[in-house]
Number of protein chains: 2
Amino acid sequence: MNIKEVAKRAKVSTATVSRTINDSEKVRPGTAARVRQAIEELNFYPNTHARTLVSGRSRMLGLIISDITNPFYPELVKSFEDQAVERGQEVIIGNTDYNPKRMAGCVRRMVERKVDGVAIMTSEADPALVTELTRRNIPTVFMDTGKTGLHSANIRIDYAQGIHEAMQHLFSLNHRRIAFIAGPMNLESARTRRDAYLSGLKSRGLSDRSMIEKGDHRIEGGAMAMRSLLKLPHRPTAVITSNDLTAIGALGAILHAGLRVPEDISLIGFDDISFAHLTQPPLTTIILSRTQLAVTAFAALEALIRKDEGPHTDYSIPTHLVMRASTRAI
Amino acid sequence: MNIKEVAKRAKVSTATVSRTINDSEKVRPGTAARVRQAIEELNFYPNTHARTLVSGRSRMLGLIISDITNPFYPELVKSFEDQAVERGQEVIIGNTDYNPKRMAGCVRRMVERKVDGVAIMTSEADPALVTELTRRNIPTVFMDTGKTGLHSANIRIDYAQGIHEAMQHLFSLNHRRIAFIAGPMNLESARTRRDAYLSGLKSRGLSDRSMIEKGDHRIEGGAMAMRSLLKLPHRPTAVITSNDLTAIGALGAILHAGLRVPEDISLIGFDDISFAHLTQPPLTTIILSRTQLAVTAFAALEALIRKDEGPHTDYSIPTHLVMRASTRAI
DNA sequence: GCCGTTGCTGTAAACGCTTACACGCAAGTG
DNA sequence: CACTTGCGTGTAAGCGTTTACAGCAACGGC
């Protein structure tokens, strides 16, 4: 089943069929109707691979993330895919598993499949791989990985905003002993969050009151860090965490120690993953809209692909505090 | 950058380059080495679209699911993709959003992209669409949707097993007033679970003690159903739910009513989504291994593609109770 | 009546690969 | 020595599209 058979049935040339499909040039309405009918009757779908081969455009986009199993990502993937499908593009997903080697594999697959562009949200973005993409003129959008290249756009996430709102919130609830459970320090984004916490303390003249424990952005690390905090002579009255998984771990550790949230300790997460409002109590956290992130990334990528190299290739996504039940005044 | 340039650099014909890449026929080791070096030097990646066009195999697989945002799916997707990537296959994902129309779109995209096979795990599988796939000779694997066709395999999930274990468990803890919160009754898989509950009661001579409320496999429906159960004159001492989201909703409703789990009511979920062990208390639930499901589906699909039409095209995945802290003896 | 336009359609050459077939050559066979 | 055989390689056709170019009819202006 190919364009030739359609042409034969509609009694036109293959060129006319192609033109009808792509409505690239004017085809007489009567002819087009005949072609369309033939297509209908034969249930013909054009072969995308042949199209790609000659046109150079695959109508496929790559999306590289760390791990679809991490609850941060599914919404991002969904929004991105929705955008793509709406515009007739396909998305192929690469899971790096936090592993630079697999990241390299992802990039390779993207290149082999001749994707029209790649969006990357992962911390394993080795500069060499980025080069690989730009060298092949593949437009690339980085979400929160900081490096902008020639053919690429960069989407920053305004972590500080949300942390500041959280600090303000805790402050207005009279908390003064506020701890922070950080993420892995090799992640720039984790450092940014910690720094926002420190600057929040500093601006209130409380620099000497900082309490920082290191987590790993996973539940286990959050629990462990919280246990350390609970051993402190003056334990914190409130804790901000670098992400929600950390907060969930911390919550478990607090309850396990026989304390309550928010009565004994207020707790704030980060990301607003879907389970954040299902914890007991529902977690006060900082929303980072994956939808907004995906929509922005997609738009940026599309602009890059169409070479609308507009004035800015830099975007910013805000974060905001959402109050639920894990914080309370003292 | 194409095979021709590689051929020129290695001073061989394009055929030899192709043969080296695919090691399909014998190439003299020395020649192959020269070719490989040229590939290396030029950083050549073969164009998959051209390959597909001539070979008819796209090395792409389709995976159609309801919604990647539903916590049941990410692990399934991940395991399936891992399998695929390991074997040099790409996966394209279709989200139906529980919507038959979008399901049709997914199928269409799969056909257009000429996937080598499709795995489907979604309840919107319209027979007409299935026909569309089999008509085009696209091997198809259905997970838990019940319909087997010509070019397809079927993977059943043994829901009854897990439910029976759960009943047995509750029974041994002296529970006799056991309720069940069911899923949407248009889903065969939901009916199967309910029926297993009923048969569990019956085999213990407790048919007259059945308490069934209908949920929707979402949190909200679970909460609502639980509220109804709590209003009963003799409220249940234990509740089994059709899936974990339902259980989480039920848990919220129980706590909200001022009761405790498991002290006042024992609760059992189904699926073992990643958050099931993070609830307070950690949820006793029934494991349905997504990894096993994905691995089986992939193997079945591969067999179908290779036309290893062996003795069986039917597979079964077991389910088992995993005890955590949401159940207790009375 | 001639010529330049305009509008539609057809012809055929790519796109980058795989593979059937052919070919040359060295080794084995009678 | 002529022969088959088999291995390694090259030639070229073809996969299903898109698209540059050409062709052709109808039309209007002169």
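Note that this is a predicted model, so its numbers are computed, not measured. Chain naming here is simple, since letters A, B, ... match the order of the sequence lines and numbering starts at 1 in each.
Side-chain proximity of B:N2 to D:dT19, D:dA12, C:dG16: nearest is C:dG16. For A:A15, taking side-chain heavy atoms from C-beta onward, the closest of the listed nucleotides C:dT19, C:dT11, D:dT18 is C:dT11. Considering only the side chain of A:A50, D:dG16 comes nearest among C:dG16, C:dG10, D:dG16. The listed nucleotides are C:dT9, C:dT18, D:dT17; the one nearest the side chain of B:R51 is C:dT18. Of the candidates C:dT18, D:dG8, C:dC8, C:dT18 carries the atom nearest the B:V54 side chain, counting heavy atoms from C-beta on. For A:S13, whose side chain is taken as the heavy atoms from C-beta onward, the closest listed nucleotide among D:dA12, C:dC17, C:dT11 is C:dT11.
Map B:V27 and B:S55 each onto its nearest nucleotide of DNA chain D; the residue landing nearer the 5' end is B:V27. Mapped onto DNA chain C by nearest heavy atom, B:H49 and A:T14 fall at different nucleotides, with A:T14 at the one closer to the 5' end.
Note on ring orientation: taking the six-membered ring where Trp is involved, the planes of B:F298 and B:F80 are perpendicular (angle over 60°, cut-offs 30° and 60°).
When heavy atoms are screened at a 4.0 angstrom cut-off, A:T16 is found touching the sugar-phosphate backbone but no base atom. Residue A:T52 is out of contact with every strand shown, counting any heavy-atom pair closer than 4.0 Å. Within the nucleic acid shown, B:T48 has no heavy atom closer than 4.0 Å to any nucleic acid atom.
The distance from atom NZ of B:K11 to atom P of D:dG10 is 12 Å, rounded to the nearest whole Å. As a whole-Å value, the separation of A:L53 CG from C:dC15 C1' is 4 Å. To the nearest angstrom, C1' of C:dC17 lies 17 Å from NZ of B:K114. Rounded to whole Å, atom C1' of C:dT11 lies 18 Å from atom NZ of A:K8. One can place CG of B:D23 at 15 Å from C1' of D:dG8, the figure rounded to the nearest angstrom. In this structure, the CZ atom of B:R19 is 10 Å from the C1' atom of D:dT11, given to the nearest Å. As rounded to whole Å, 14 Å separates atom P of C:dG16 from atom CD1 of B:I21. Regarding A:K26, its NZ atom lies at a distance of 17 Å from the P atom of D:dT19, rounded to whole Å.
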Run the side-chain contact (heavy atoms from CB on, under 4.5 Å) check on B:T52 and B:M60 step by step: do they pass? CA-CA 10 Å; B:T52 297; B:M60 291 203 289; over 6 Å; no
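Counting heavy atoms of neighbouring residues, nucleotides and ligands inside a 6.0 Å radius, atom CZ of A:R136 exceeds 12 of them. Residue A:R34 places its CZ atom among more than 12 non-hydrogen atoms of other residues, nucleotides or ligands, all under 6.0 Å distant.
In this structure, the side chain of A:R290 does not engage the main chain of A:P74 through any donor-acceptor pair within 3.5 Å.
Within the structure, every side-chain polar atom (N or O) of A:N47 is placed at least 4.0 Å from both OP1 and OP2 of D:dC15.
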